[in-house]
Colleague: 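Structure provided below as structure tokens; questions to follow.
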Amino acid sequence: MFSKVLSSAVAGVSGTEIYVEADVSDGLPMFTMVGYLSSSVREASERVRTAIRNSGIMLPPKRITVNLSPADIRKDGTVFDLAIALSCLLAAGLVPEISLDRTMILGELGLDGSIKPVNGVLSMVHHGYSDGITDFIVPSANAREAAIVDGARVFGFSRLSEVLEFIEGKANVRPTVYEAASEEETSTDLPDFSEIRGQEMLKRGLTIAAAGFHNVLMLGAAGAGKSMLAKCLPGILPKLTFQESIEVTKIYSVSGLLPDTGTLMKNRPFRAPHHTVSEYALTGGGAIPRPGEISLAHNGVLFLDELPEFKKSALEVLRQPMEDGVIRIARVQASYTYPADFMLVAAANPCPCGYYPDRKRCRCTPRMVSAYQGKLSGPLLDRIDIRMEVTAVSGDALFEEASGETSESIRMRVEAARKRQEERYAGEKIRFNSQLSGKMLGTYIRLSDSQEEMLHACVTSGDLSARGVYRVMRLARTIADLSDHDAIGDEDLTEALFFRNSNLPIEGSVIL
Amino acid sequence: MNHSKTDLMHLFLGEVEPDALFQSKLLRACGGIHALWEMSEDEFLTKTVEVLHPETAMELYAKRDVGFLSGKLDRYEQAGIGILYPEHPAYPAQLLTIHDPPELLYYKGNPDILNRHERCIGIVGAREADTYGREIATYFASNLSRRDVLIVSGLAKGIDGAAHTGCLAADGDTVAVLGTGIDIPSPRENLRLYFEIEERGLLLSEYPPGYPGGIYTFPRRNRIISGISHGVFVVQARERSGSLITADLALEQGRQVYALPGRAGDDRSVGCNRLIKQGALLVTTPDDIMEDLFGVSAMEKRRTEEVPADTHRKNNLAPLEKKVYSCVGLDPVSVDDIIRACKIGVTGAISILYRLEQSGLVKQVRRGWYIITDIAEAIK
Ligand SMILES: [Zn+2]
């Protein structure tokens, strides 16, 4: 007898349907699996047969052939176990013949017949549902995650025997209903801006960055508080929209990094890979393709502390995703696309030891210092809109009251600015001012004659490059959005000029 | 091209070690440059036996060839390089008063500026000067050069570069004495300055073109800086720094030493403060130097040449602008300092500072840090 059920695989961060067919015929007892399988899938034959036996069912001593299709997709992992088991049982006539046409079956089997969670359930269910699949049989540990897809009927099980009872109609199982995470589940240990004394200029710069999703470079001596400030950033970024939230959750689901609760990711990610990170860990890929740091930072912050310490090749691979918002990875078997639309926050010390120009602590030679600062150039820096110098707060300021403005209150202003951008770019593919291309600038940004003159004067004096003009205009638009200005005001433009990424020297060096 | 015999014979002297002491020893042995040029090979070998290894002497004598030397001088001229020697009219007269003046100097630029000024000041100091030190050096250089003083320094980064820059900004005359061959622009940070000085001032070196700098060439070069000058102004100097060597040389040469005082305990000023303790003249305004160089009455005559500060813009500031401006001084202040001192918001502070910067009253020395531009006002 022959049977066919539906399962799924993950390609990139999206699901792709996989059909599992089984045929049971007379002949020498054999269990054969075909269909462009990796070794982990081949091993399913052992797991499945043992799990079935330990669930109290004996497969007939016949010739069993299992085929996974389509044939051109390489199948990897353990997600097909449950589907293979069910198709064998159906083909052998050991469970009632029911229609599983519109049911997707996902899950790994343990030898004892238990069903174990798998990665990427949200992506697979999301894709299946959009293809017209209505019912989903998933590991109970993944049920909450699967139920994020509104409208999908999700049934979670923790044992093969429970699935069989469900199919036979012996058990009355209700679809899992998604519950949003409770407050304590989402509460995080993010530092709050109100905890940082002084540093008004930096807070303002980061507020602007957050409002327009602009990339930022922070320069300053070690211990001046650069990483503390960066860590505060997710707290003032606008909350993820539902769509963005799904995107982020899919990436974390595929990576197996979703919290046990399996809820939708509500906070923007903050990733801070160490400077020894490899290119592959940044971009993703590998034998079993996984999203890299830049994709885990999608819709959030990628913080690169001590930027000059990163390998040149590692920084090189950031260029293309910073242009496109996605990373394409080509492999022999297939090529994948992972989302990678992140806000880059880079920090750099003035010299290898971090204390230049304080010569009481820094013993770096002038050559070392200029070589180190020389690394802060090139195409990556060209994508950075805001540059700020961080100085440790002076003794005076330390004893004054902290400004008191909480991250939450800053975030409200950022949200308002974001809303303005959302409305403005409703018909476009972009969401933030920082994504405005040179072509779109003309459509969306108008400057007065005197403002044009102001920029022109900066260009003539050599203060501003042609690309620099675009950066300043994008920044000015964000600052105007923060102030709820329809037209860019003179103050908005001067502030943009102030924060722009220019080549003002680091203290002590003559030319950067 | 035809070259004067004097040019050729001095260039010949340059074929030996570029070391003034050695060169003058050789000249004494031969009985002067003319005798050296006219003598036969045998005579040369006999007279120099005390100074030169015979083989070296023979090699050297082979270069006493008009064709060879003319060709060399042609190539120098094509590269814009000229030579000076004590008999040359453009050779700095003041330099002849030291005990080991260079027998041969290479130059690029205009050598006429060397003897055009009544007085000359060397401005030296730390390579790793801070903003304050660099601003002071720039201001003194431009102020003094407006009052017809020639400014000499060493093109190093930090104080040296700031002094040259200030002088050029005031359209004054400036001389950079290099510790490398005249055609080697260094340091990298002052590349632009090198070409600017070649065009509008004078580059000077006792080392032949292509000669790489060594540990001994820079200290040797310092004696030329102080030698050309009537006095040396040390702006910021660490303990055991090159600037202190220059100050010592200046004293040996009978030059005045001026020093900018610094805060007790400040690394960058330890050297200056020690100089003051040892009797250097404490200087806080260009007038202090002018008075010492020219005397009070002559200085008063030159005072009119000072450019008046732009009081008009300053008097037309809005009250809040005035308040912000009054918080900015010679030591850089940050936007956050302004916010605290004036009790204004960050956006307001940035926009006021931007306007002050646009009208030239303050300047940003690094992101978010400002100093005032009217240094005369600040140090009055
Ligand atoms: Zn260092």
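Order of the sequence lines fixes the chain letters, A, B, ..., with proteins taken first and strands second; residue numbering starts at 1 for each chain.
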Colleague: If you measure from OG1 on B:Thr347 to CG on A:Leu482, what distance do you get to the nearest 0.5 Å?
Modeller: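 So the OG1 of B:Thr347 and the CG of A:Leu482 are separated by 9.0 Å.
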
Colleague: I need the B:Ile350 CD1 to A:Arg204 CZ distance, nearest 0.5 Å.
Modeller: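 Answer for the CD1-CZ pair, B:Ile350 versus A:Arg204, is 7.0 Å.
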
Colleague: How many angstroms lie between atom CG of A:Asp492 and atom OG of B:Ser351, to the nearest 0.5 angstrom?
Modeller: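 Between atom CG of A:Asp492 and atom OG of B:Ser351 there are 10.0 Å.
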
Colleague: To the closest 0.5 Å, what do you measure between CG (A:Asp490) and OH (B:Tyr354)?
Modeller: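 Interatomic distance, A:Asp490 CG to B:Tyr354 OH, rounded to 0.5 Å: 9.5 Å.
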
Colleague: Return the minimal non-hydrogen interatomic distance between B:Asp336 and A:Met201, and the atom names on each side.
Modeller: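 Answer, listing the atom of B:Asp336 first, then A:Met201: OD1-N, 3.2 Å.
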
Colleague: Got a sec: does the CG of A:Asp449 have more than 12 other heavy atoms crowding it under 6.0 Å?
Modeller: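 For A:Asp449, atom CG is not crowded (no more than 12 foreign heavy atoms under 6.0 Å).
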
Colleague: Counting heavy atoms not belonging to A:Met228, are there more than 12 under 6.0 Å from its CE?
Modeller: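 Counting other residues, nucleotides and ligands, CE of A:Met228 exceeds 12 neighbours.
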
Colleague: Assess whether atom CD of B:Glu199 is packed by more than 12 heavy atoms of other residues, nucleotides or ligands within 6.0 Å.
Modeller: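 No.
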
Colleague: Closest heavy-atom contact between B:Ile339 and A:Glu200?
Modeller: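 Taking every non-hydrogen atom into account, CD1-CB, 3.5 Å.
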
Colleague: Taking the side chain as every heavy atom from C-beta outward, state whether A:Phe498 and B:Gln364 have any atom pair closer than 4.5 Å.
Modeller: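 The answer is yes, as the side chains (C-beta and beyond) meet within the 4.5 Å cut-off.
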
Colleague: Which pair of heavy atoms, one from A:Glu389 and one from B:Arg367, lies closest together, and at what distance?
Modeller: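 Distance-wise, the nearest heavy atoms are CG-CB, 3.2 Å.
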
Colleague: Rounded at 0.5 Å granularity, tell me how far OG1 in A:Thr494 sits from CD in B:Gln358.
Modeller: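 Here the rounded value is 9.5 Å.
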
